[in-house]
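Just so you know, these numbers come straight off a predicted model, no measurement behind them. The chains referred to below are lettered A, B, ... by the order of the sequence lines, with proteins before strands, and numbering in each begins at 1.
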Number of protein chains: 2
Amino acid sequence: MNDAVEALARKGPTGVEVADWIRSQIRSSRLVPGQRLVEVDIIRQTGGSRFKVREAFQRLAAEGLVEIEEFRGASVRGASMDEVRQLYRARAALEGICAAEFALKATDEQRRKLADLADEMEVCVEGGAPERFGQLNSDWHSLLMRGAGNAVIEDIVKRLNTPVHHLLFETFYKGDRLREAARDHRLIVKAVLDRDGPAAEMAMRQHIENGHRFLTDLDRAVHHGGVGEV
Amino acid sequence: MNDAVEALARKGPTGVEVADWIRSQIRSSRLVPGQRLVEVDIIRQTGGSRFKVREAFQRLAAEGLVEIEEFRGASVRGASMDEVRQLYRARAALEGICAAEFALKATDEQRRKLADLADEMEVCVEGGAPERFGQLNSDWHSLLMRGAGNAVIEDIVKRLNTPVHHLLFETFYKGDRLREAARDHRLIVKAVLDRDGPAAEMAMRQHIENGHRFLTDLDRAVHHGGVGEV
DNA sequence: GATAACAAGATTGTTGACATTTTTATTGTC
DNA sequence: GACAATAAAAATGTCAACAATCTTGTTATC
């Protein structure tokens, strides 16, 4: 909120800030795949000039988050189920290697923090607090990548997630996903505390793979071909 | 060249085309880290309007390839040795998993093509044709990722490479890097032909790691702290 | 009522002009 | 010659106006 206030105190938000705003709207499902991003609407809602809004569109297009068509403007890009598969495969590889690295070189404090977050999530599972679980989960994964000393990977993963964020939110509510995820986390934390790199990597890959399988099953149940595909 | 001709036949290049042009200049070391990208210069050289050039800057900034400072414009971003390490770690993870996948599910034709390219590269090593080796090497890695059925990873890796491309070019000329790389490729191809996923993954990770070590040694020899860092 | 042609409105693409800031060149002083 | 102050030039940031295109609503025709 600090940034937003600061932006308003000045004349208006920068292109980067507008892009962040749009990204947050996508994450919270207020903007869904296929939806058109009309310039004037964004201007009204952010206070940014047309110039800044168009800057933001270019940046988001480069990230692959929006699609720009000539004379039709920007719209939120969706991902096909096949692209989702590729996304998750990439995440499994990247976060897997971070887990291994974390297990070998994280500080004691980082390890403890990782375990604590996992414990908190378990409480959320029993107490039925999926939103809080989602936030903790995001923190947990970030901590792991940061502790592995790889901000580049952290950045990539954050971008990879955005196209399916509107789904993650829903999926956390349904089925036994929370319980399963908590169990996965427990395995990873154990390997980390044992300083067992390969085990941590394998457990992390399995964890991501489970998330993907859950998404696939969900999609098959709803039985439309793509996930927000347009 | 086809695209460039087409662009000239029309009124001028699009923002994406200007971005591609800048990227190619960086790849060929005609633009080096720290160098400022003056709008009028780009306009003169590409024929694009100022509008398009600024679009291109935004896209490249989103990719992390250029840096934009207020009232100072865009400049080519360099990478610190620590960032290079993170980059290579990410590549090792991503290409490693692609190698494993390729070994399991590539078509016979793709396998043969992979082996053929490796053979061609060996010839280049003996014949002393490093530029051709570089091209073949790029094709080889692309083929592997495409054959693994993961265009998302292919895209990420391409971006990851750009900030160090001006180095790759030099490094191919020096020392025994070519010979070493050819040997690595041989190991990977063997694992692929054996349909041994884990072996392919391990060999690929080692290959990327070797490339990183070579870069590190080179940097230590030249003994300045960063690689095009500004 | 369905459809096609047309017109009005909405939306995006592009350009040029001007404001702001940085960079470079010049001058004056010691 | 070194340095600081100043002015000129260069470069970037911003905006408003207009052009090109798409979208929507209306009318005419069958």
### Summary
dist Arg77(A):CZ -> Leu65(A):CG (nearest 0.5 Å) comes out at 8.0 Å
Can a side-chain donor-acceptor contact be found between [Y] and [X] if the only test is distance below 3.5 angstrom?
{"X": "Asn150(A)", "Y": "Glu154(A)", "result": "no"}
{"X": "Arg91(A)", "Y": "Asn161(A)", "result": "yes"}
{"X": "Asp82(B)", "Y": "Gln86(B)", "result": "yes"}

Would you please confirm or rule out a distance under 4.0 Å between OP1 or OP2 of [N] and any side-chain N or O of [X]?
{"X": "Arg54(A)", "N": "dT12(C)", "answer": "no"}
{"X": "Arg50(B)", "N": "dT14(C)", "answer": "no"}
{"X": "Ser49(B)", "N": "dT15(C)", "answer": "yes"}
{"X": "Arg36(A)", "N": "dT23(D)", "answer": "yes"}

### Message
Looking only at the side chain of Phe51(B) (C-beta and beyond, no hydrogens), which of the listed nucleotides dT14(D), dT14(C), dG13(D) gets closest?
### Response
dT14(C)
Report the distance from atom [atom1] of [X] to atom [atom2] of [N], rounded to the nearest whole Å.
{"X": "Glu39(A)", "N": "dT14(C)", "atom1": "CD", "atom2": "P", "value": "12 Å"}
{"X": "Leu37(B)", "N": "dA10(D)", "atom1": "CG", "atom2": "P", "value": "20 Å"}
{"X": "Gln58(B)", "N": "dT12(D)", "atom1": "CD", "atom2": "C1'", "value": "13 Å"}
{"X": "Ile42(A)", "N": "dT11(C)", "atom1": "CD1", "atom2": "C1'", "value": "13 Å"}
{"X": "Lys52(A)", "N": "dC15(D)", "atom1": "NZ", "atom2": "P", "value": "8 Å"}
{"X": "Glu69(A)", "N": "dT11(C)", "atom1": "CD", "atom2": "C1'", "value": "14 Å"}
{"X": "Phe71(B)", "N": "dC18(C)", "atom1": "CZ", "atom2": "P", "value": "18 Å"}

### Summary
Between Arg72(A) and Glu55(A), the residue closer to the 5' end of DNA chain D by nearest nucleotide is Glu55(A)
### Task
Answer with yes or no after comparing the ring centroid distance for His141(B) and His207(B) against a 6.0 Å cut-off, counting only values under it.
yes
### Task
Just call it for Ile43(B): base, sugar-phosphate, or nothing, with non-hydrogen atoms closer than 4.0 Å on any strand.
nothing
